[in-house]
Every structure is written in C-alpha cells, then in structure tokens.
Amino acid sequence: MPGYEPFLLCDFHVHTRWSDGRLSLREVIDLYGKTRRFDVIAITDHILMERDLLARAGRLVTLGRRQFSVTEDRFHAYLEEIAAEARRARRLYDLLVIPGAEITQNHIRSKKNSHIVALNITEYVSADQPAEDILRAIRRQGALSVACHPHHRTTRRFEIGTCYLWDHRKQLVDLVDVWEAANRDDLFSVTSLKHYPYVANSDFHKPKHLYSWKTLLRCEKNWDAIARTLRSNVDVALTLYRNGSWAA
Ligand code: ZN
Ligand code: ZN
C-alpha cells in the first residue's frame, strides 16, 4: 500500500581495511548480510590529508604495512572492489552497497577539523582543501554529503574534535546535505533540535560496532530513492540496533 512500505535498515558510515577498519570489505559485507536485517550499507573509508599525523604514527607502528587512507592512486581499485562486492551482496543478501568515502581532516588545532562522508562517490576528493571546497566537490559529482559526528568536541590533548562544520553551520547549511545526529553510541541532540536533515550511523570499525545507532528510511531500495529521502528527510527515523534486533 503506497505510504505504508516497510522501512529499510541502513548504515551509511562503515570502514574496512582499505583504511583503518579491522575487517576486509568482504568480511564487512558478510557480517551485515548474514544478520538478514540490513537493506543498505555504505562503504566509507578514510581519505586523509597528505600530512595526517595519526596516519603517520600508524604507519610507523605497523612498519608501513597499513595505509590508513584511500590514496588517489588506489581510488579506482577501491571503487572497483566495492562494485564487485556490491553485486555479490545484492545476490546473496539483497543488500544494497553504496560506494562512499570519509574525507577526513585531522589538524592539530581541532577547531579546523571536519570529517565529511560522500555517498555515491565516483571521483576522488582530496582532503587537502578547505571543507567548503570538499562539500562543493562532492556536490559537483552528484554525490551526497554527510557531516560526520559534527558535535564531537574534545578537551583531551591527543584526541581529534570535529566541530568545524557545526561551528560554521550558518554559512555551510546549504552545502551540507545531511547531518549525522547519532554516531555509534552517541546522540547529538543539538543537531536534531535544529531540524536539520539527519541520519544515524555506526562509524563501523570492528564487529562490535554493528550494535549502534542506525537509520530507517521508508523508500525503495535504490540509490535515487534513498538520496531523495535523505535530502528531504521525510520518512526517516533513528534506531538503536542491539543484539540482532531493532525497534524504531
Ligand atoms: Zn570520522
Ligand atoms: Zn568514520
């Protein structure tokens, strides 16, 4: 019956071993798929700044074995693997997999930091440019932007806060498509109170992150319908997915 279609259970923020996730892309797909609950996930590995300090430290610790970033020269291979795994996911689990990336800025002065997920990305977007230009580059290629954990503020010295977009929301509101109102275990009440378009994601890095905030969308299971629903933010709900069950 039109208007009473079932909700899709979605997670639009998932990391794999292409950056700093614990699991391979295939392992992630199988983990979500085998729950038989999920309809849509987006693979959103980090694109870091050239001089990202945390990645440098990580490369030292792993003696260069891990990259932590989808670099420009690996971007095409990254998209190809997502496309191949997406076909397998649809066939095995009826799971729609969307190609994405998290364009990540980790400055030492965290006031300037933003983490921006681009959904349905087709072209590389550099993290070495102002957040405004990242948002414009995402929009130019017809992808959809998500301001990630926009209210994550920290007072600890070696933790990264990511409040730039939120602190400049008045200037940026027309460039940001959706705000991440909930990330893993945290709920950013300020975002939702402002009635911005919102979404909730796991920011998945390891298996236990499966149990976290998620988004429910009432629309057809294809990218055009999903993008329309996210942008208009009608028929969207946040849900906490716990131990294999969920309730809106
Ligand atoms: Zn992030
Ligand atoms: Zn992330």
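Computed from a prediction, not measured in an experiment: that's the story for all the values here. Numbering of ligands and ligand atoms starts at 1, following listing order.
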Output the atom name for the N/O/S atom of H115 with the smallest distance to the Zn ion (ligand 1). ND1
Heteroatom N/O/S of H46 within less than 2.8 Å of the Zn ion (ligand 1): no
Ring-plane angle category for H205 and H209, please: parallel below 30°, perpendicular beyond 60°, tilted otherwise. perpendicular
Using 30° and 60° as the class limits, which term best fits the ring planes of Y241 and Y211: parallel, tilted or perpendicular? parallel
Under 3.5 Å, is there a donor-acceptor pair linking the side chains of H46 and T104? yes
Judged by modelled atom types alone, do S114 and Q105 share a side-chain donor-acceptor pair under 3.5 Å? yes
Tell me, which N, O or S atom in D203 is closest to the Zn ion (ligand 2)? OD1
In E102, the N/O/S atom nearest the Zn ion (ligand 2) carries the name OE1
Within 2.8 Å of the Zn ion (ligand 2), is there any N, O or S atom belonging to H15? yes
Looking at the Zn ion (ligand 2), is one of the N, O or S atoms of C148 less than 2.8 Å from it? no
SB check R88 D30 (cutoff 4.0 Å): yes
